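Values reported hereafter were calculated over all heavy atoms of this structure, with side chains retained and with hydrogens, waters and symmetry mates removed. Being a predicted model, the structure only gives us computed values, none of them experimental.
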Amino acid sequence: MSERVVIARRYRGFDRVAQGGYSSGLLAAHLGGPARVSLKAPVPMDEPLRVEPVEDGFALRGEAGVLAEARPAGLELEPPQRVSPTRAAEASEGFPGLRRHPFPGCFCCGPDREAGDGLRIFPGPLGCGDLLAAGWLPDPAFAGADGTVRTEVVWAAFDCPQLWALMLSSPADSTDHVVTAAMETELRGAVVAGEPYAIVVWPLGGEGRRLFAGAALLDAGGEVLGVSRQTAVLAPVGVPLGRGWMSGAGGGVAKPS
């Protein structure tokens with residue numbers, strides 16, 4: 001049986017596109033376990049969509065056809081370094097997007113979003129190679145009645161930091177852009193609103209037109225509550241890998257029309 005869903009503009013990534021992590025998590029929540037979500041096309045906001053069962057999983061469908069597919073998947077991934085929420089919050093102070101940001105209204109990493117409206121997750125360098133970290137204090141607005149943060153919000157929290165890991169590890173003069181093409185995520189424990197967490201992210205290399213990044217979510221005791229592996233692909237529009245946009249000089253942001 002299919003289910004009707006509408007993704008509110010609140011959950012945007014680019015200016016007119018739903019954030020990839022949120023869209024993926026919304027679909028993955030129907031599986032109730034570790035999942036791989038493949039994004040086939042940009043997911044629109046404020047439009048009726050349908051979640052439909054397919055072989056071994058679920059599909060998100062819009063007027064133009066299938067937008068995403070989710071299927072069960074295992075993920076063997078551990079962070080290269082465990083970081084406390086305090087240390088991660090310190091790293092967030094070095095987040096480049098606080099000075100200039102390609103998408104300041106993004107649900108996850110946009111500095112223009114207020115607490116309780118956006119996630120305000122700001123990954124900054126840890127001083128350990130390409131490793132980044134961000135502190136996160138989930139707002140109760142993103143939790144259910146039991147105080148547990150919703151699955152789609154945790155997936156959203158993984159998405160942008162992984163993209164920042166790719167951005168800050170790429171050549172500064174790159175003119176390439178990428179979009180999230182797939183996310184494999186395993187949630188290992190409950191994420192509770194009002195508790196401090198650390199998100200650690202790192203690049204995982206590339207293959208052809210694909211780039212990979214890893215992420216882990218840790219609590220104050222160092223327990224890994226979730227891991228994620230992102231596949232990003234080169235695209236004509238999307239997140240800029242080069243850093244010309246930081247100074248306002250060439251290599252700026254390409255946005256969907």
Audit row: L137, Y197, side chain to side chain contact (heavy atoms under 4.5 Å, CB included) steps and yes/no:
CA-CA 6 Å; L137 189 70; Y197 297 97; over 6 Å; no
Stepwise side chain to side chain contact (heavy atoms under 4.5 Å, CB included) check, V233 with V178: CA-CA 5 Å; V233 296; V178 295; over 6 Å; no
request  = Begin from the C-alpha positions of S228 and W155 and carry the test side chain to side chain contact (heavy atoms under 4.5 Å, CB included) through to its verdict.
outcome  = CA-CA 8 Å; S228 181; W155 278 63; 5.9 Å; no
Begin from the C-alpha positions of T151 and V153 and carry the test side chain to side chain contact (heavy atoms under 4.5 Å, CB included) through to its verdict.
CA-CA 5 Å; T151 296; V153 174; over 6 Å; no
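Remark: E152 pairs with R150 by the side chain to side chain donor-acceptor pair (under 3.5 Å) rule, at least two apart or across chains. Residues passing the side chain to side chain donor-acceptor pair (under 3.5 Å) test with E55: none are found, sequence neighbours excluded. For R82, the side chain to side chain donor-acceptor pair (under 3.5 Å) criterion is met by no residue, not counting sequence neighbours. Residues forming a ring-ring contact (aromatic ring centres under 6.0 Å, His included) with F142 (at least two apart in sequence, or on another chain): F107. In terms of the side chain to side chain donor-acceptor pair (under 3.5 Å) criterion, residue partners of R71 (sequence neighbours excluded) are, by chain and number, E69. Listed by chain and number, the residues in a ring-ring contact (aromatic ring centres under 6.0 Å, His included) with W136 amount to none (sequence neighbours excluded). Applying the salt bridge (Lys or Arg N to Asp or Glu O under 4.0 Å) criterion to D173, with sequence neighbours excluded, gives no partner residue.
Considering CZ of F122 and CH2 of W164, their distance stands at 10.0 Å, rounded to 0.5 Å. H177 contributes atom NE2, which lies 9.5 Å from atom CE of M167 (distance to the nearest 0.5 angstrom). Note that the CD atom of Q19 and the SG atom of C108 stand 5.5 Å from one another [nearest 0.5 Å]. Between the CG atom of L166 and the CG atom of L211 there is a distance of 5.5 Å, given to the nearest 0.5 Å. Separation of atoms OG (S169) and CG (L132) is listed at 8.0 Å; rounding is to 0.5 Å. We find the CG-CG distance between D176 and L234 to be 5.0 Å, quoted to the nearest 0.5 Å.
Although no hydrogens or angles enter the test, the distance criterion places no donor-acceptor pair under 3.5 Å between the side chain of R87 and the main chain of A198. Within the 3.5 Å criterion, the main-chain N or O of F158 finds a donor-acceptor partner in the side chain of Q162. Distance alone, capped at 3.5 Å, places no donor-acceptor pair between the S170 side chain and the G242 backbone. Judged by distance alone, with hydrogens and angles left aside, the side-chain atoms of R113 form a donor-acceptor pair with the main-chain N or O of D117 at under 3.5 Å. Between the side chain of H101 and the backbone N or O of P96 there is no donor-acceptor pair closer than 3.5 Å.
Between L225 and A190, the shortest heavy-atom contact is CD1-O, 3.6 Å. Minimum interatomic distance between F95 and P123 (heavy atoms only, all atoms of both residues): CD1-O, 2.9 Å. Taking each heavy atom of S174 and L241 in turn, the nearest pair found is OG-CB, 3.9 Å. For the pair G116 and A141, the tightest heavy-atom approach, listed with the atom from each and the gap, is O-CB, 3.7 Å. Across C128 and Q81, no two heavy atoms sit closer than the pair SG-OE1, 3.6 Å. Across all non-hydrogen atoms, the minimal contact from P72 to L31 is N-CD1, 3.8 Å.
The list of salt bridge (charged side-chain N to carboxylate O under 4.0 Å, His left out) pairs with a residue in residues 129-147, not counting sequence neighbours, is empty. Legend: side chain to side chain donor-acceptor pair (under 3.5 Å) pairs involving residues 22-34, not counting sequence neighbours, sorted by first then second residue: E3-H30.
Residues L98 and V239 are members of one and the same hydrophobic cluster, defined by side-chain heavy-atom contacts under 4.5 angstrom among Ile, Leu, Val, Met, Phe, Trp and Tyr. Hydrophobic clustering of Ile, Leu, Val, Met, Phe, Trp and Tyr side chains at less than 4.5 Å, counting indirect connections, keeps L60 apart from V54.
Grouping Ile, Leu, Val, Met, Phe, Trp and Tyr residues whose side-chain heavy atoms lie under 4.5 Å apart, directly or via other members, places V227 in a hydrophobic cluster with L75, L77, V83, L126, L131, V200, W202, L204, F212, L218, V224. Cluster note: V66 groups with no other residue, as no ILVMFWY side-chain heavy atom lies under 4.5 Å from it.
In this structure, V149 and V192 have side chains that are not in contact, with every pair of non-hydrogen atoms separated by 4.5 Å or more. The shortest distance between side-chain heavy atoms of C160 and C106 falls below 4.5 Å.
Between S2 and R50, the side chains place a donor N or O and an acceptor N or O closer than 3.5 Å (distance only, hydrogens not considered).
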Listing, residues 34-49 side-chain donor-acceptor contacts under 3.5 Å, not counting sequence neighbours, or none:
{"unit_1": "R36", "atom_1": "NH1", "unit_2": "E184", "atom_2": "OE2", "d": "3.2"}
{"unit_1": "D46", "atom_1": "OD1", "unit_2": "R9", "atom_2": "N", "d": "3.4"}

